[in-house]
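Note sheet for the following structure.
The figures that follow rest on heavy atoms only: side chains count, while hydrogens, waters and symmetry mates do not. Every chain is numbered from 1 and lettered A, B, ... according to where its sequence line falls, protein lines coming before strand lines.
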Amino acid sequence: MPTITLPDGSQRSFDHPVTVAEVAASIGAGLARAALAGRVGDKLVDTSYRLEGDCKLSIVTDRDPAGLEIIRHSTAHLLAQAVKQLFPEAQVTIGPVIEDGFYYDFAYSRPFTTEDLAAIEARMRELSKSDLAVERREMARDAAVAYFRGIGEAYKAEIIASIPATEAISLYGQGDWVDLCRGPHVPSTGKLKAFKLMKVAGAYWRGDSRNEMLQRIYGTAWPDQKQLDAYLHRLEEAEKRDHRRIGRELDLFHMQEEAPGAVFWHPKGWRLFQRLIAYMRVRQEAAGFQEVNGPELMDRSLWIASGHWEQFGENMYTTQTPDERVYAIKPMNCPGHVQIFKQGLRSYRELPVRFAEFGKVHRYEPSGALHGLMRVRAFTQDDAHVFVAPEQLTAEAVAMTQLILSIYRDFGFDELRIKFSDRPAKRVGSDAIWDQAEAALRQAADAAGIEYTFNPGEGAFYGPKLEFVLRDAIGRDWQCGTLQVDLNMPVRLGAHYIDEHSQKQTPVMLHRAIFGSLERFLGILLEHHAGKLPTWLAPVQVVLMGITDRQHEYVLKTADLLKKQGLLVECDLRNEKVGFKIREHTLQRVPYLLVAGDKEVAANLISVRSRSGKDLGTMPAQTFIERLAVELESRGRRSLED
RNA sequence: GCCGGCAUAGCUCAGUGGUAGAGCAGCGGUUUUGUAAACCGUUGGUCGGGAGUUCAAAUCUCUCUGCCGGCACCA
């Protein structure tokens with residue numbers, strides 16, 4: 001005799017076991033139609049799930065995030081069913097939900113074409129229209145392995161075989177098709193109405209490049225057509241903020257075939273780049289860092305000693321000189337900084353020693369990894385290494401975490417993901433050292449009060465790391481900042497200090513980067529702001545223009561005034577209409593446009609227009625300068641428009 | 001590196017075996033202009049590189065390079 005308690009606290013009693021669907025129907029016909037699944041306690045179940053005893057139940061519809069996830073998961077099944085009907089030779093593997101959609105990997109003799117994709121999508125629509133019931137059943141593991149082997153699904157059988165033998169396997173069937181799945185799923189395929197197949201790509205079986213390549217089909221699915229259309233529109237908008245496009249439109253940089261993965265910075269882009277450096281210098285200096293500079297080329301022996309040659313030798317650029325020595329072009333700055341630390345005897349009194357460098361590094365990245373400014377072969381790190389005594393480690397790591405977060409906030413990145421990555425399979429150093437390093441970093445992260453996710457096995461080969469991850473316009477995540485605890489490199493490279501008992505000690509080394517790669521950070525920054533950089537960063541902050549050439553002298557004089565304040569100013573004295581000039585400079589995302597006509601000249605004023613198109617009225621140049629100063633000093637938190 | 005796609009003027013793109021095109025940009029004029037595109041004229045391309053098929057290749061084939069979307073990698 002189950003009594004069901006609903007989310008609003010109301011209760012319903014039944015004199016026999018009921019399904020989730022029946023409970024939904026007892027509440028209302030509309031809810032019965034909208035029901036995708038049920039939530040019993042914390043557990044998601046199908047609408048066909050039978051409630052035998054008293055429980056708390058909520059009906060999951062597409063308004064529930066869990067409901068949307070179920071729709072996407074079920075759409076992945078619909079995709080697999082359609083593929084099996086059209087390409088019976090294809091084998092199914094896995095089909096998980098991802099952000100905004102899903103994918104499904106198939107093993108097939110050839111890649112799917114875009115024509116295939118259209119045919120598959122059309123078949124999915126037919127299957128949806130047929131409104132096939134989705135039914136769950138359970139099977140013993142070994143029986144399930146035998147079943148999938150029997151129907152020629154070797155991959156599925158392999159997956160099931162890796163599940164413990166004692167577990168019952170749930171299978172979901174719809175029409176002629178059955179898949180292994182934990183569920184839950186929508187009650188019938190008719191619930192799947194708004195979906196679209198997006199692209200095909202290769203993907204390795206079990207994510208291992210030694211395995212065969214499968215054919216992955218990506219799709220998106222939404223509760224209704226309107227939300228699907230909105231999503232597709234968002235994608236189009238995101239494309240417009242692609243940093244590669246903005247870089248060209250704003251004449252910031254270019255790349256070309258002769259230098260794959262390397263950037264040609266144009267004047268405005270380089271100015272922007274230098275402004276990032278100038279900002280970081282100020283922040284670093286205040287935080288006790290000393291800027292240093294190491295050689296670009298160092299003998300291979302140093303990289304062998306550090307362990308980089310062993311780990312990354314394949315990805316290092318090398319050069320052989322006439323004396324037959326082999327040098328590596330530095331792929332990172334740490335060994336250089338250790339050499340500087342090693343000069344002379346270091347006292348414990350000097351610690352922490354904080355060396356920072358804007359170091360240009362070269363890494364021969366795999367060709368397929370290159371991606372605009374985000375992944376290049378030649379890039380500049382705001383790299384720093386801090387040598388501390390073990391007891392200073394936590395405080396130093398906490399301070400650095402806070403510095404990173406504070407700097408990100410200055411750039412408008414309030415939301416970022418932080419990941420904690422621990423020891424990778426390929427590493428140097430004993431487990432005892434790793435235990436120590438991981439514990440220290442975790443302790444520091446907790447002391448800093450940050451929230452992070454756990455990223456097992458993704459640490460650097462010499463130590464665990466915190467990764468500060470930013471997201472680009474179309475949702476790809478990129479590691480920017482990093483903080484690493486390293487107990488290995490100081491030993492390998494022979495760094496020491498003398499403690500208070502005159503004993504030689506090995507310092508702990510912290511690696512940290514805040515921008516990470518300036519190139520990448522700039523790419524993210526451009527996308528984050530859609531090219532509309534905050535005024536304090538903009539390579540051109542103000543453009544002045546006259547309406548006719550009668551105002552030229554006044555414009556030049558006013559521009560001089562602004563330039564003397566250190567503002568980045570250009571004058572547009574071209575023989576063009578003011579509307580044309582406004583349009584061009586607005587497209588160039590110049591923060592402020594100042595216009596002077598005869599009226600302004602007569603009154604000794606300027607007319608101010610913001611990038612957003614707002615007319616801020618006329619004012620004396622001095623007033624503009626003062627109000628702009630407030631915006632610049634607050635790094636855009638306060639604006640001249642306010 | 002792997003799978004797939006793409007590569008035509010500075011940019012965005014059309015051209016699918018038969019004499020390389022458009023819009024914008026650029027350049028030369030005219031216009032002295034009031035807050036997101038004035039008007040007229042005009043320059044510009046070994047169709048990514050190489051090889052092949054063909055009477056004939058931007059177009060078909062092979063190959064190399066680069067880029068794009070994924071996967072793998074990311075000190």
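Ring geometry for F521(A) against F515(A) counts as tilted: the plane angle lies between 30° and 60°, on a 0 to 90° scale. The aromatic rings of F413(A) and H529(A) sit tilted relative to each other, their planes meeting at an angle between 30° and 60°.
Cation-pi geometry between R512(A) and F289(A) is met: the NZ or CZ atom falls under 6.0 Å from the ring centre, inside 45° of the normal.
Among the nucleotides rG34(B), rA37(B), rU32(B), the one closest to any side-chain atom of I547(A) is rG34(B). Comparing atom distances between the R244(A) side chain and each of rG4(B), rG70(B), rG69(B) picks out rG69(B) as nearest. Closest contact between the side chain of P260(A) and the listed nucleotides rA36(B), rG70(B), rC67(B) involves rC67(B). Closest to the side chain of P366(A), from the set rG34(B), rC71(B), rC73(B), is rC73(B). The side chain of S607(A) lies closest to rU35(B) when the candidates are rG1(B), rU35(B), rA38(B). Relative to the side chain of K199(A), the nucleotides rG66(B), rG70(B), rU35(B) differ in distance, and rG70(B) lies closest. Side chain of E600(A), nearest nucleotide from rC71(B), rU35(B), rA36(B): rU35(B).
Checked by distance alone, Y204(A) brings no side-chain donor or acceptor within 3.5 Å of a matching partner on the base of rG70(B). For a distance-only test at 3.5 Å, the side chain of D549(A) qualifies as a donor-acceptor partner of the base of rU32(B). Residue-to-nucleotide contacts include no donor-acceptor pair under 3.5 Å from the side chain of Q256(A) to the base of rG48(B). Under 3.5 Å, the side chain of T586(A) and the base of rU35(B) form no donor-acceptor pair of N or O atoms. With hydrogens and angles ignored, a donor-acceptor pair under 3.5 angstrom links the side chain of R375(A) to the base of rC73(B).
Distances shorter than 4.0 Å separate some side-chain N or O of R476(A) from OP1 or OP2 on rG69(B). Residue H371(A) places no side-chain N or O under 4.0 Å from the OP1 or OP2 atom of rC67(B).
Distance check on atom P: rU16(B) versus rC73(B) gives 43 Å, rounded to whole Å. rG17(B) and rG4(B) are spaced 26 Å apart, taking the P atom of each and rounding to whole Å. The separation of rC2(B) from rU59(B), taken at their P atoms, amounts to 25 Å, rounded to a whole angstrom. Spacing between rC27(B) and rG49(B) at atom P, rounded to whole Å, works out to 28 Å. rG23(B) and rC39(B) have their P atoms separated by 13 Å, given to the nearest Å. Nucleotides rU54(B) and rA72(B) are separated by 45 Å at their P atoms, to the nearest Å.
Checked against a 6.0 Å centroid threshold, the rings of H254(A) and F264(A) count as neighbours.
Under the Watson-Crick or G-U wobble criterion, with both distances below 3.5 Å, rA37(B) has no partner in any strand shown. Summarising the base pairing, rU59(B) is matched to no nucleotide, lacking a Watson-Crick or G-U wobble pair whose two defining distances lie under 3.5 Å. Using the Watson-Crick or G-U wobble rule with both distances under 3.5 Å, rG69(B) pairs with rC3(B).
The nearest whole Å value for the distance from the CD1 atom in I582(A) to the P atom in rA38(B) is 12 Å.
Of the charged side-chain nitrogens involved, at least one lies within less than 4.0 Å of a carboxylate oxygen, so that D477(A) and R471(A) count as a salt-bridged pair. The pair D242(A)-R244(A) meets the salt-bridge criterion, with a side-chain N (NZ, NE, NH1 or NH2) lying under 4.0 Å from an Asp/Glu carboxylate O.
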